[in-house]
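In what follows, a single structure is set out as structure tokens and then discussed.
All values below were derived from every heavy atom in this structure, side-chain atoms included, with hydrogens, water molecules and symmetry-related copies excluded.
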Amino acid sequence: MITYPKYLDRSETPVVRLIGLGNAGVNLADRISMGGRLDIETVAINSDQQSLSSSVASTKISLGPLTTRGLGAGGDPEIGLDAARESEADLEAAVAGADIIFLCAGLGGGTGSGAAGLLARAAKKSDVLLLAIITSPFAFEGRRRSAQAAAALREISESADAVIHFENDRMAELSEPRQGVAETFSCCDELLGGCVESVVRLVSAPGPLGVGLPDLLAVLRGGDGNCLFGTSSASGDNRAHEALEEALASPLLDQGRLLDDASSVLIHISGPPSLSFAEVGAIMREISKKTPDSSLLHVGVSTLPDHAAPLVLSLIAKCGAARSAAAPQPRAEPSTRRPEARRLEREAPPVESEPLPSQDSFIGPDPAPPLRPPQRTAPRQPQPEPRPEPKAPAQKVKQETLQFEPVARGRFEKIAPTIIEGEDLDVPTFLRLGGKKH
Amino acid sequence: MAREDFHVGLEIGTTKICAVVAECRPDGEIRLLGVGEAPSRGVRKGEIVDFENACSCVREALSDAEEKSEIEIRSVWLAVTGSHIQSFNNRGSVVIADESGEITDDEILEVEYKAKEISLPRENTILHSIIQHYYVDGQQGVLNPVGMLGSRLEADFHIIHGVTNRIQNSIRCVKECNVEVDDVVVNSLASAQVVLDQHQKESGAIVVDIGGGVTDYIVYLDGAVRHSGVLAVGGDHITNDISLGLRIPITRAEKLKLEEGSATLGKSLPGDKIVLKNDTGFSGKEVEREMLNMIIHARVEELFTLLRKRLGDEVPQHLLGSGVMLTGGCSMIRGIREVAESVFEMPVQLTRAQAVSGPTSAFENPQFSTCIGLAKYGQAVRSESPDESFGGRVLRKFGRMFRLPF
């Protein structure tokens, strides 16, 4: 089933598997795998035959064919659980043989809420690092769903090594008020997909300052299962600063404020050969300002041979590990969180945890083996930032016909550009039109 | 002599900061008592980039206005603009719970609350929610449903929102000068108060206020605000284009734009040159008039084309009976009306504050439209809710009802 090449000296390399559970989970897993930036194995598990048949996953498991007759759980977690029990052997087979499993599920419905706990326990039993990527229902779906989601989340956090939790209600932050529904959902999927990619990249990229599975384990193990995630990429002169800003702006990090509570943080920076030590230093200094003194920082730096590669920054933080002994309830929130975050969390479904899947076992003695040629990671560009950042000014300027600098912005040089329909309006109109007019 | 009923409008513009003290007569006429002005520093594209400099300019403008009007300014109506300001229309709806089915003020408030229940980015705040029309049980075009009977009340609102911190920056800048802010008003809404009369609002009109840093626009149709917005392009851009295109310093470019520039092409003789005299640090130069006009024309035409494109999606142009009203400092550029007419394909007028008395130099200058409009807006809001304490807490008022009688 697993097709990764085994390198001569490495007896084992981490096997990563992406499992989509339930309708929402299968959709998310499909989106991530269709993004084509990762070649990991996907498994779709659902009690709804129709959703399975349209999925692009390489392996599909129909849950409880006798219980539901392939018609889905109809929003009832009890039915979901019955179906999962019926297919327990299939679930165990699905997790067997992997080292890292990403479990995508949307809570609040039948299959996701009902079967996720069982699947998580199966993963735990076979000693797999399980990172659950969970979305909780919109508030407008009613309290009952929220309650189902909260119960399921508790169950998952008991077995999963890390839980990345995204509340659908926060989707509004990702998009403009008038953006289309499909676009809004894809922003959300993009964000969560970014988390998966950054973990995969992290354990596979070689570098002068490597991080690997052991570091990931160290960050994720223990604690209450809540994880924070931020990922971003930037290029250009100010890339270090921009990447940091963007990573902290991730809705999963809440402008970096949630880092206050981090007990350990894993930072991975990858970039082109021109990535300088000073840039790494600047990023790290900023991050250490945002984290408490007591937190343990793991830093990984890798460079890619591609000169055009952007600087990619990933942050994974575990919160409240120190507290976990005292607070057995996974959802007990530390008091240092912003009041707003706490308020959100107390509302029906757990709100703000961005847990990562964690792992219990890793495979090789050396957890950071060069799994793949490094270029593979270059093109991916997770974009958690909802607001359209100004892109490079549209350079339609015809330099041959006019003797000016390619992009002349004059007095507007140092201030935020006005970009409309891809044109930088601060560049004189006649320059942009130059070619057309004459 | 103590004048009770006066309002002060303050606009922190990109090129200048102006404060207008106006007396509002009961008949709705505005009489200007004094206009204070100060050149602006630390403002770009309508937003503050250098807080301390901007504060000292605001102080200068306010004390100038106090001197001229002989009135002590305690609170102002503040205009805000900037590319972060956006708008959209939304409909709220409530079911009338009361058994008698009578619509009361409570339902009116609730329907507005419902219309504002939309998901905005967390850092944004709603500046204005302006009623467009009510619907009672689906009956359209109800202007004031209080006292009517019905089972369902719906209302269309035009909602203008912006980034809280950027709006707060302007407010803090004023508070630094120990002056309270009555409320913040979006530039375009303020300008429209004095540029348009009731008839024009009914028949439909676009107000385009081209300032130094930004262009504010607002569309009225059937007496209600249909659309509004901000485009972060203004007179500064023209000056910048000239400076880059002709390779002359910014200050020279500004002067050239005001004295010689025109937005229409083909009016000058071929080879017609403008001689720029030498000056310290500038060795003098000859520039072709047609080149200058081409630069201005390209920018102005692009600006109007962008506007038309934005409005075209939202507003059926053939319904706008009163056409386009140009105002703001940049509307004084020669030939701008012709360009606007050819782009919008409808009548364009250069306008300024109407139904105003006082020093003509002030109200005839389109640069002051926004400021005078602020004073009128203040009067309108105040006469709607006279009990409200003067100089109340601004932020608390965000989201308060602005049912303008226009």
Side-chain angles (χ1 to χ4, degrees), chain A residues 138-140 167-179 181 184 187 249 251 254-255 257 338 340-341 344 385-388 390 397 402-434 436-438, chain B residues 43-47 49-50 82-84 86-90 117-124 126 159 161 163 213-215 230-234 236-247 249-250 253-254 265 291-303 305-307 309-310:
Chain A
F138 292 100
F140 60 64
E167 271 178 278
N168 282 346
D169 281 337
R170 301 187 61 189
M171 244 183 228
E173 285 172 36
L174 294 173
S175 62
E176 300 289 308
R178 304 188 79 165
Q179 207 166 20
V181 177
T184 309
C187 281
D254 197 14
Q255 306 292 338
R257 277 175 286 225
R338 292 185 317 137
E340 191 186 354
L344 282 172
E385 174 69 42
R387 287 161 291 282
V397 182
L402 291 144
Q403 68 280 42
F404 307 110
E405 295 75 36
V407 180
R409 303 180 60 219
R411 71 195 319 192
F412 300 112
E413 203 64 74
K414 293 271 186 270
I415 56 178
T418 302
I419 296 187
I420 292 173
E421 290 165 18
E423 299 223 11
D424 184 350
L425 293 188
D426 293 338
V427 176
T429 316
F430 70 96
L431 280 181
R432 277 178 281 128
L433 295 178
K436 292 179 229 165
K437 283 254 157 172
H438 296 288
Chain B
V43 182
R44 280 273 173 278
K45 294 184 184 175
E47 295 178 62
V49 292
D50 178 345
S83 54
H84 62 97
Q86 290 175 309
S87 73
F88 59 92
N89 298 325
N90 200 29
E117 262 185 352
I118 26 110
S119 50
L120 290 178
R122 189 190 284 178
E123 65 271 21
N124 280 31
I126 294 179
I159 292 179
H161 62 98
V163 176
V214 295
T215 298
V230 180
L231 202 59
V233 175
D236 267 6
H237 285 84
I238 302 180
T239 309
N240 189 44
D241 291 358
I242 297 173
S243 156
L244 288 170
L246 303 178
R247 305 199 149 217
I250 286 272
E254 177 73 25
L265 293 178
M291 178 73 176
L292 171 68
N293 293 353
M294 189 275 285
I295 292 172
I296 300 177
H297 175 84
R299 173 63 78 177
V300 170
E301 191 183 37
E302 179 190 56
L303 173 61
T305 311
L306 275 173
L307 274 180
K309 217 186 269 173
R310 280 197 177 189

Test item: B:Ser243 side-chain N/O and B:Ala253 main-chain N/O as donor-acceptor pair under 3.5 Å: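 Absent.
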Mark yes or no for whether B:His161, through its side chain, and B:Asn124, through its backbone, hold a donor-acceptor pair below 3.5 Å. no
Using non-hydrogen atoms and a 4.5 Å limit, figure out which bit of [X] sits close to chain A: side chain, backbone, both or neither.
X        : value
B:Ile242 : neither
B:Asp236 : both
B:Leu306 : side chain
B:Ile250 : side chain

side-chain contact (heavy atoms from CB on, under 4.5 Å) between B:Lys45 and B:His237, intermediate numbers included: CA-CA 10 Å; B:Lys45 294 184 184 175; B:His237 285 84; 4.1 Å; yes
May I ask you to check whether B:His297 and A:Phe430 place their ring centers less than 6.0 Å from one another?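 Aromatic pair excluded; centres sit 6.0 Å or further apart.
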